[in-house]
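Nothing here was measured: the structure is a model prediction, and the numbers come from that model. In each ligand, atom 1 is the first atom listed, and ligand 1 is the first ligand listed.
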Amino acid sequence: MAYETLIVEVENHVGLIRLNRPDALNALNQTLLDELVDALRAMDANDSVGAIVLTGSEKAFAAGADIKDMAQKEFVDVFGDDLFAAQAEAITAIRKPIIAAVAGYALGGGCELAMMCDFIIAADTAKFGQPEINLGVIPGIGGTQRLTRFVGKSKAMEMNLTGRFMDAAEAESCGLVSRVVPADDLLDDVRATAAKIAEKSPLAVKAAKEAVNRAYETTLREGVLFERRLFNALFATRDQAEGMAAFIEKRSPHFKGK
Ligand code: CAA
């Protein structure tokens with residue numbers, strides 16, 4: 001399907017979604033977010049996709065929500081429509097892993113979108129920030145909540161109160177991103193990482209994603225129990241038998257998602 005604001009491809013069991021509003025540094029508007037949800041759902045339902053990469057351009061992953069669209073809005077508009085809420089819920093409900101490949105600016109809603117993904121690999125050019133405070137507002141899709149869980153209160157508070165940007169090295173040192181790579185290598189690296197995930201049992205991959213995400217939602221005791229029950233349940237799959245047999249027979253496993 002052709003999109004107005006996205007470029008989408010599937011190759012080697014990896015779905016790649018590139019945000020594509022170059023004139024607005026990939027600012028998030030209603031069309032882009034609706035199309036993004038549509039593309040992610042299509043990949044989630046496509047058995048030939050094992051992992052998804054979400055990226056932007058060299059200059060910007062996304063420079064935030066579209067300020068020109070929001071400027072005329074009033075409380076009744078944003079509260080009445082619950083601006084961006086449905087799309088944010090839908091993005092975080094995707095069951096396959098989504099890796100954010102971030103080069104350049106990931107600001108405001110762009111930083112929040114990257115944090116909705118399962119992990120972030122950053123180019124050395126990446127800059128993260130929640131500059132909404134400069135516009136007289138605060139983040140609206142997780143910037144005060146997810147950033148605090150990623151980097152802790154002190155850094156999240158400073159970023160949200162001052163609007164200062166964090167470079168890639170700082171983002172790696174405080175755990176916002178899993179790795180930093182040279183900008184020229186970003187897409188190859190992230191595609192290879194996604195392809196590696198796509199080789200695993202899709203059932204185990206979904207279980208691992210659910211279990212790690214549960215750590216953000218619950219107590220340690222409940223989270224460990226949730227993990228153990230998923231671990232137990234995976235012994236009902238043929239992929240478990242195949243994975244362990246392949247190890248013992250010193251060969252590569254062939255997972256079928258059954
Ligand atoms: N919304 C709409 N348009 C944007 C945009 C945004 N968030 N960010 C950049 N653009 C547009 C600019 O208006 C400009 O368009 P024109 O050429 O038509 O003027 C074009 O993209 C290029 O931008 P700049 O000329 O500003 O590029 P720069 O290299 O000088 O600066 C930047 C880059 C530092 C990222 C700067 O564009 C900037 O500060 N952008 C806004 C960042 C921001 O405040 N984001 C938060 C938005 S609010 C939000 O996201 C709420 C939420 O939580 C949901």
Completion exercise
In short, R251 meets E242 closest at the heavy-atom pair NH1-OE2, 2.8 Å
Considering the heavy atoms of [X], write down every atom of ligand 1 situated less than 4.0 Å from one of them.
X    : answer
L135 : 44 (O), 47 (C), 48 (S)
L107 : 35 (C), 42 (C)
E132 : 48 (S), 49 (C), 50 (O), 51 (C), 52 (C), 53 (O)
P139 : 53 (O)
G140 : 52 (C), 53 (O)
K59  : 27 (O), 28 (P), 29 (O)
D66  : 1 (N), 2 (C)

Exercise for the section: Answer yes or no: is there an ion pair linking K258 with D239, defined by an N-O contact shorter than 4.0 Å? Expected result: no
Handout entry: N-O pairing of E9 and R191 below 4.0 Å
Key = yes
Any sub-3.5 Å donor-acceptor pair from [X]'s side-chain atoms to [Y]'s backbone N or O?
X    : Y    : result
D124 : A183 : yes
N26  : A60  : yes
T92  : E89  : yes
T148 : T144 : yes

Exercise check, heavy-atom protein proximity under 4.0 Å to [atom]:
atom                    : answer
atom 26 (O) of ligand 1 : no
atom 30 (O) of ligand 1 : no
atom 17 (O) of ligand 1 : no
atom 39 (O) of ligand 1 : no
atom 36 (C) of ligand 1 : no

Practice task
Fit a plane to each ring of Y216 and F150, take the angle between them on a 0 to 90° scale, and name the class: parallel (under 30°), tilted (30 to 60°) or perpendicular (over 60°).
Solution key: tilted
Measuring from [atom], which candidate in [options] has the nearest non-hydrogen atom?
atom                    : options              : value
atom 47 (C) of ligand 1 : G163, A88, A65       : A65
atom 8 (N) of ligand 1  : A71, A62, A27, A63   : A63
atom 52 (C) of ligand 1 : E112, M70, K68, K127 : E112

Exercise for the section: With rounding to the nearest 0.5 Å, note down the distance linking SG in C117 to CZ in R146. Expected result: 10.0 Å
Practice task
Could you grab the distance from atom CZ of F235 to atom CE of M244, nearest 0.5 Å is fine?
Solution key: 4.0 Å
Checking the N or O distance criterion of under 3.5 Å, is ligand 1 in contact with [X]?
X    : result
G109 : yes
Y105 : no
F165 : no
P131 : no

Listed pairs under 3.5 Å, donor-acceptor, residues 13-22 side chains, sequence neighbours left out:
unit_1, atom_1, unit_2, atom_2, d
H13, ND1, S48, O, 2.9
R18, NH1, G56, O, 2.9
R21, NH1, A27, O, 2.8
R21, NH1, D66, OD2, 2.9
R21, NH2, D66, OD2, 3.2

Exercise for the section: In sequence, state the C-alpha distance, the side-chain angles, and the governing distance for R164 and E170, and then conclude on salt bridge (charged side-chain N to carboxylate O under 4.0 Å, His left out). Expected result: CA-CA 12 Å; R164 89 163 167 89; E170 185 181 0; 2.7 Å; yes
Handout entry: ligand 1 contacted by D23 (non-hydrogen, < 4.0 Å)
Key = yes
Handout entry: Test item, A24 contacting ligand 1 (heavy atom, 4.0 angstrom)
Key = yes
Problem - Identity and separation of the nearest protein heavy atom to atom 23 (O) of ligand 1 - result: L25 CD1, 3.6 Å
Fill in the blank from the handout: the protein heavy atom lying closest to atom 1 (N) of ligand 1 turns out to be I67 N, 2.9 Å
Problem - Modelled atom types, side-chain donor and acceptor of D69 and Q30, under 3.5 Å - result: no
Exercise for the section: Could you please spell out the steps behind the side chain to side chain donor-acceptor pair (under 3.5 Å) verdict for E4 and T31? Expected result: CA-CA 8 Å; E4 190 184 321; T31 305; 5.0 Å; no
